[in-house]
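All values reported here derive from a predicted model rather than from experimental measurement.
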Amino acid sequence: MSTVDLWRAVGEQAAVWARTPTAGVFARELPRNAAQRSKGLPGLLRRVQGGAGFVDAQPLRLATNLRLALEVMDDVDPKTVQADHPAWLTAAIQIEGAHRSTIAWLRARLAGYPGMPAPQLTAGSPLTTSEFTHRLIWSPGERGMGLQFADPRPEVAEALGVSDAQRRALDESARSVAAAFAGTPEWQRLDAATAALDDAARVDLTAARKRLRERLSPARVDDFEPVLALERAKYRQVVVDQELATLAGAAAEYAAAFDAANLLLEVAASDVFAQLLCYRTPTLSPRDLEVQQDDQRRLRFTLDEGTPTFPEAGLLVWLDDPTVQDAVLLSEAGLHWDGAKATHHVGGRILTGSADAWRGD
């Protein structure tokens, strides 16, 4: 299967979800979709977006992230927000739960699941911590639920409030996404790396996990930084990177293959899926476009101030430029002032094959 197959399957799944009652309630109040953005719930979410940036970039994690944000906003009472917007908050919780359940079911299709020896899954890592992390975590206990033997999870349909006919469509779209992932080079690489693990490689991976458990213990993280969430998150990632760098041979290849397969799932089935589900994909008119022909097909460009769509990391966009036909997932965006005018400096990753998958939709 090609990359086109993956983007097509993810797009079709997003279209199925978009027709559900829960998604309708949730998406219409997001600031990018709301008729007015300065008052009420859209106004509050816009304020949160200005401070944290995850409303636009990660809408399907909004129930969790909004709760954390409200706890540190001095002028907002979380109980008042709950009383004023109960239906929307319920929808936010339901759609995030459905999304996380779907991701867990897709992860159960990875090679070697559930007994995966990846050091990245050590307790306290960026992929498992219960504290702040930029990553979509593997929830405690999910690998013990037998998801590798299960059909798509019934709680997804219940949370999204669908009919029996819609449930069949939901289940079929999940199976199509799983089949598309199985055909990607990243997942096939993990298949091969898992099969190539010998006793010596497994010993090395076990030793790395043991060292990580010690270095990622609550006491060690507290010793590094007792309070600041971003610094604690950076510490977790640096420690994992350091331990992975000590691996060699089949153990190193397995860890790298796990990273690639897991990241593809996170980007495609969470980040990109959320953008397709919740928003229309805007078109930007880039200047000074530079495309790097590396494995990730990264690019950089600038935008004039006042562009109709404010560029932010995490947004999915089209570019009005003949050299880039595929969609782009923005990874960075900054505003530079030269004393006379402001310019957006933007970076992103080209989603190869997405134009063939989505342009006709």
Subject >> Between Q120 and D259: side-chain donor-acceptor atoms closer than 3.5 Å >> reply: yes
Original post:
Looking only at atom types and distance, does a side-chain atom of E96 sit under 3.5 Å from a main-chain N or O of A63, one as donor and one as acceptor?
Top reply: yes
Original post:
So how far is it from W138 CH2 to L127 CG, rounded to the nearest 0.5 Å?
Top reply: 8.0 Å
Original post:
So does D198 have more than 12 non-hydrogen atoms from other groups sitting under 6.0 Å from CG?
Top reply: yes
**OP:** To the nearest 0.5 angstrom, please state how far the CG atom of D191 sits from the CG atom of L110.
**Re:** 8.5 Å
**OP:** Give a yes or no on whether a salt bridge exists between E231 and K234, defined as a side-chain N under 4.0 angstrom from a carboxylate O.
**Re:** yes
**OP:** Looking only at non-hydrogen atoms, find the nearest pair between W17 and A23 and report the distance.
**Re:** O-CB, 3.2 Å
**OP:** Grab the two heavy atoms, one from A14 and one from L277, that are nearest each other, plus how far apart they are.
**Re:** O-CD1, 3.6 Å
Original post:
Which atom pair, heavy atoms only, marks the closest approach of Q275 to L316?
Top reply: OE1-N, 3.4 Å
Original post:
Taking the side chain from T128 and the backbone from L121, do they hold a donor-acceptor pair closer than 3.5 Å?
Top reply: no
Subject >> For the student: nearest non-hydrogen atoms of M73 and R47, plus distance >> reply: CE-NH2, 3.5 Å
Subject >> Name of the residue among Q58, R100, R135, R61 meeting side chain to side chain contact (heavy atoms under 4.5 Å, CB included) with S270 >> reply: R61
Original post:
Hydrophobic cluster mates of F132, side-chain heavy atoms under 4.5 angstrom, ILVMFWY only, any path?
Top reply: L230
Original post:
Salt bridge check: are E214 and R220 linked by an N-O gap of less than 4.0 Å?
Top reply: no
Original post:
Measuring from Q166:CD to D171:CG, what's the distance to the nearest 0.5 Å?
Top reply: 12.0 Å
Original post:
From Q94 CD over to T22 OG1, what is the distance, rounded to the nearest 0.5 angstrom?
Top reply: 4.5 Å
**OP:** Using the ring-ring contact (aromatic ring centres under 6.0 Å, His included) rule, take F310 and H344 through it: C-alpha gap first, then chi angles, then the decisive distance, then the call.
**Re:** CA-CA 9 Å; F310 192 87; H344 297 279; 5.0 Å; yes
Original post:
Counting only heavy atoms not in Q242, do more than 12 sit closer than 6.0 Å to its CD atom?
Top reply: yes
Original post:
T281 side chain to V317 main-chain N or O, any donor-acceptor pair under 3.5 Å?
Top reply: no
Original post:
Do F26 and L70 sit in the same hydrophobic cluster, where Ile, Leu, Val, Met, Phe, Trp and Tyr count as joined when their side-chain heavy atoms come under 4.5 Å apart?
Top reply: yes
Subject >> Parallel, tilted or perpendicular: ring planes of W358 versus W318, cut at 30 and 60 degrees >> reply: perpendicular
**OP:** Treat each ILVMFWY residue as a node, draw an edge where side-chain heavy atoms are under 4.5 Å apart, and state whether I103 and I93 are in one component.
**Re:** no
**OP:** Using a 4.5 Å cut-off on heavy atoms from C-beta on, say whether the side chain of R175 contacts that of E172.
**Re:** yes
Original post:
Are any of the side-chain heavy atoms of Y113 and R143 separated by less than 4.5 Å?
Top reply: yes
Subject >> Within 6.0 Å of CG in D75, more than 12 heavy atoms from elsewhere >> reply: yes
Original post:
Can you list the steps and then say if E332 with R300 is a salt bridge (Lys or Arg N to Asp or Glu O under 4.0 Å)?
Top reply: CA-CA 9 Å; E332 57 182 297; R300 299 185 64 84; 3.0 Å; yes
Subject >> W105 six-ring face occupied by R107 cation (under 6.0 Å, within 45°) >> reply: no
**OP:** Look at atom CZ of R280 and say whether more than 12 heavy atoms of other residues, nucleotides or ligands are closer to it than 6.0 Å.
**Re:** no
Original post:
Sub-3.5 Å donor-acceptor pair from the side chain of Q325 to the main-chain atoms of P322, do we have one?
Top reply: yes
Original post:
Take atom CG in D223; do more than 12 heavy atoms of anything else shown fall under 6.0 Å from it?
Top reply: yes
**OP:** Please answer: with hydrophobic residues joined when any side-chain heavy atoms are less than 4.5 Å apart, are I350 and L289 in the same cluster?
**Re:** yes
Subject >> Close side-chain approach of E305 and T343, heavy atoms under 4.5 Å >> reply: no
**OP:** Measure from the side-chain N and O atoms of D204 to the backbone N and O of A251, and report whether any donor-acceptor pair falls under 3.5 Å.
**Re:** no
Original post:
Is V25 linked to L45 within one hydrophobic cluster, defined over Ile, Leu, Val, Met, Phe, Trp and Tyr using a side-chain heavy-atom separation of less than 4.5 Å?
Top reply: no
Original post:
Hey, does R232 have a side-chain heavy atom less than 4.5 Å from the side chain of E131?
Top reply: yes
**OP:** Give a yes or no on whether a salt bridge exists between E243 and R215, defined as a side-chain N under 4.0 angstrom from a carboxylate O.
**Re:** yes
**OP:** Under the side-chain contact (heavy atoms from CB on, under 4.5 Å) rule, collect the residues that match up with A104, sequence neighbours excluded.
**Re:** E142, L147, R153
**OP:** Measure from the side-chain N and O atoms of T133 to the backbone N and O of P126, and report whether any donor-acceptor pair falls under 3.5 Å.
**Re:** yes
Original post:
Counting only N and O atoms by type, is there a donor-acceptor contact under 3.5 Å from the side chain of R209 to the main-chain atoms of P117?
Top reply: yes
**OP:** Please determine, by modelled atom types, if D326 and T352 share a side-chain donor-acceptor pair under 3.5 angstrom.
**Re:** no
Original post:
Where the side chain of W187 meets the backbone of A261, is there a donor-acceptor pair that is under 3.5 Å apart?
Top reply: yes
Original post:
Are L335 and L284 joined in one hydrophobic group, where the rule is that I, L, V, M, F, W and Y side chains link up if heavy atoms are under 4.5 Å apart?
Top reply: no
**OP:** For the pair S173 (side chain) and L170 (backbone), establish whether a donor and an acceptor sit closer than 3.5 Å, ignoring hydrogens and angles.
**Re:** yes
**OP:** To the nearest 0.5 Å, tell me how far E29 CD sits from R32 CZ.
**Re:** 15.5 Å
Subject >> Contact check, side chains of T3 and D356, non-hydrogen atoms, under 4.5 Å >> reply: no
Subject >> Flag for E312-Q49: side-chain donor and acceptor within less than 3.5 Å >> reply: yes
**OP:** Determine yes or no for a side-chain-to-main-chain donor-acceptor pair under 3.5 angstrom, with T307 supplying the side chain and D304 the backbone.
**Re:** no
**OP:** Hey, can you tell me if H99 and F273 have their rings parallel, tilted or perpendicular (30° and 60° cut-offs)?
**Re:** parallel
Original post:
Roughly how far, to the nearest 0.5 Å, is CG of L62 from CG of L89?
Top reply: 9.0 Å
